[in-house]
Amino acid sequence: MEDDAPISDLLCPEKEVFLGEDEDITYLNLNCMDDEYVQGLVQKEINFGFKKEESLVLINGLKCARLEAITWILRKREIFGFQFQTVYLSITYFDRFLAKRSIDSEKTWAIHLLSVACLSLAAKMEELKVPALPEFHFQDYSFDSRMIQRMELLVLKTLEWRMSSITPFVFLDYFIGKMLPESLLDHILPRTVHFILAVMKETNLTEHRPSAIAAAATLAALDHRLTRKTLEYKINSVPSCGFLEIEGVSTCYNLMQKLEMKKLDSSKLINSLDQSPSRLRPINVLENSSSSSGTKRKRLDFNNTDNE
């Protein structure tokens, strides 16, 4: 890796989840946000360039690795007490990196190292207290601090040092305040976070504007059975939300709707099987799918061998 010498000067000094249904997430720090401030966030979001043509297409191996990375990051969030926006930001880094550089899906150590570096960088952007690098160990993998620092530097260079990305969580207070009565806050907020995390697991985060995800999650938390016409009516009924792209919100809402219905169908099936154990049958599911990315990406190359 080139430019090893200045690495220590580029990094912050080192100091010493899952979303449960009953977890208290009021610490999201909902404050009053005026329209001018939100317009500034929207402009920053637009300038950052969230767009469909940056779509990241992953083969099955990388899809599984990405989901494993998200699971690990959520567990670390719970252990370290990180904010949910730190989790979202780290996966944004992860997706943006893979949109520019490819990693062999068989090199699981490299994907895990990328996960560690992305979470560490996101924590340094969002958290007041950041754990020491050795505490970011990935299950059976134990990366030393220098290796993590080298990957952090590679991520920074690959993302062109553009690390201050907007997340849906900064919009939640605004949309909840505009679209929902205050009496529903305690019920709606956890469900809104649930929908944001669900989308994070299913789609490349560079494809959707965070404001669209936040608006869709707020509406899905209120009612996940809205029609397209009703969805548009609810958005248009709030004049100050005119900056929202209806199509983008609708796309995110439809995905949340689909995931919620799938979750409900699975619950019904499990309950049905529990009531009729004699009808249980083994099910084999074979998935054969392949895809290729339409954009040319650089290949990640370390001088390390795979730990597996």
Can you name the residues that form a side-chain contact (heavy atoms from CB on, under 4.5 Å) with [X], not counting sequence neighbours?
{"X": "Ala117", "value": "Met151, Glu152, Val155"}
{"X": "Glu202", "value": "Leu255, Leu259"}
{"X": "Ala221", "value": "Ile188, Arg191, Thr192, Phe195"}
{"X": "Glu247", "value": "Arg228, Thr251"}

Nearest 0.5 Å, please: how far is [atom2] in [Y] from [atom1] in [X]?
{"X": "Leu113", "Y": "Phe136", "atom1": "CG", "atom2": "CZ", "value": "12.5 Å"}
{"X": "Ile246", "Y": "Leu231", "atom1": "CD1", "atom2": "CG", "value": "6.5 Å"}
{"X": "Phe97", "Y": "Ile91", "atom1": "CZ", "atom2": "CD1", "value": "14.0 Å"}
{"X": "Phe243", "Y": "Ile235", "atom1": "CZ", "atom2": "CD1", "value": "10.0 Å"}
{"X": "Lys124", "Y": "Met163", "atom1": "NZ", "atom2": "CE", "value": "10.0 Å"}
{"X": "Phe171", "Y": "Thr218", "atom1": "CZ", "atom2": "OG1", "value": "11.0 Å"}

Answer yes if Val116 and Leu67 sit in the same cluster of Ile, Leu, Val, Met, Phe, Trp and Tyr residues linked by side chain heavy atoms under 4.5 Å apart, and no otherwise.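 No, it is not one cluster - the side chains of Val116 and Leu67 are not joined through contacts under 4.5 Å.
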Should Tyr233 and Tyr253 be counted in the same cluster of Ile, Leu, Val, Met, Phe, Trp and Tyr side chains packed under 4.5 Å apart?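 Not linked; separate clusters.
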Suppose we screen for side-chain hydrogen bond (donor to acceptor under 3.5 Å, both in side chains). Which residues come up paired with [X], at least two apart in sequence or across chains?
{"X": "Thr167", "result": "none"}
{"X": "Gln257", "result": "none"}
{"X": "Thr230", "result": "Thr227"}
{"X": "Gln43", "result": "Asn47"}

To check you understand the geometry: which heavy-atom pair defines the closest contact between Ala123 and Val130, and what is its length?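 Closest approach of Ala123 to Val130: O-CG2, 3.6 Å.
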Minimum heavy-atom separation for Ser115 to Phe94, with atom names?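 Answer, listing the atom of Ser115 first, then Phe94: OG-CE1, 3.6 Å.
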What is the ring orientation for Phe82 with Phe80, classed by angle as parallel under 30°, tilted 30 to 60°, or perpendicular over 60°?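 If you compare the ring of Phe82 with that of Phe80, the planes turn out tilted.
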Please determine whether side-chain contact (heavy atoms from CB on, under 4.5 Å) holds for the pair Met179 and Leu222, giving the CA-CA distance in whole Å, both sets of side-chain angles, and the decisive distance to 0.1 Å. CA-CA 9 Å; Met179 298 179 178; Leu222 178 64; over 6 Å; no
Side-chain contact, heavy-atom cut-off 4.5 Å: [X] with [Y]?
{"X": "Asn254", "Y": "Ser250", "answer": "yes"}
{"X": "Glu68", "Y": "Lys63", "answer": "no"}
{"X": "Ser90", "Y": "Leu121", "answer": "no"}
{"X": "Arg150", "Y": "Leu153", "answer": "no"}
{"X": "Glu135", "Y": "Ile79", "answer": "no"}
{"X": "Arg96", "Y": "Thr92", "answer": "yes"}
{"X": "His137", "Y": "Phe143", "answer": "no"}
{"X": "Tyr174", "Y": "Cys241", "answer": "yes"}

I'd like to know whether Tyr93 forms a side-chain contact (heavy atoms from CB on, under 4.5 Å) with Leu119, so could you lay out the CA-CA distance, the side-chain angles of the two residues, the decisive distance to 0.1 Å, and finally the verdict. CA-CA 9 Å; Tyr93 294 163; Leu119 180 57; over 6 Å; no
My understanding is that only residues two or more places apart in sequence, or in another chain, count here; which of them pass salt bridge (charged side-chain N to carboxylate O under 4.0 Å, His left out) with [X]?
{"X": "Glu160", "answer": "none"}
{"X": "Glu245", "answer": "Arg209"}
{"X": "Glu127", "answer": "none"}

Trace of the side-chain contact (heavy atoms from CB on, under 4.5 Å) decision for Ile111 with Leu98: CA-CA 10 Å; Ile111 300 173; Leu98 290 182; over 6 Å; no
Quick one, Tyr88 with Ile213, criterion side-chain contact (heavy atoms from CB on, under 4.5 Å). Give me CA distance, side-chain angles, the key distance, then yes/no. CA-CA 12 Å; Tyr88 191 96; Ile213 294 177; 3.1 Å; yes
Asp95 pairs by salt bridge (charged side-chain N to carboxylate O under 4.0 Å, His left out) with which of Lys100, Arg66, Arg101, Lys201?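 The salt bridge (charged side-chain N to carboxylate O under 4.0 Å, His left out) with Asp95 is passed solely by Arg66 among Lys100, Arg66, Arg101, Lys201.
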Give a yes or no answer on whether the side chain of Glu45 reaches the backbone of Ser211 with a donor-acceptor pair at less than 3.5 Å.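 Present.
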Distance-only side-chain donor-acceptor flag, Ser164 / Lys44, under 3.5 Å: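 On atom types as modelled, these side chains qualify, holding a pair under 3.5 Å.
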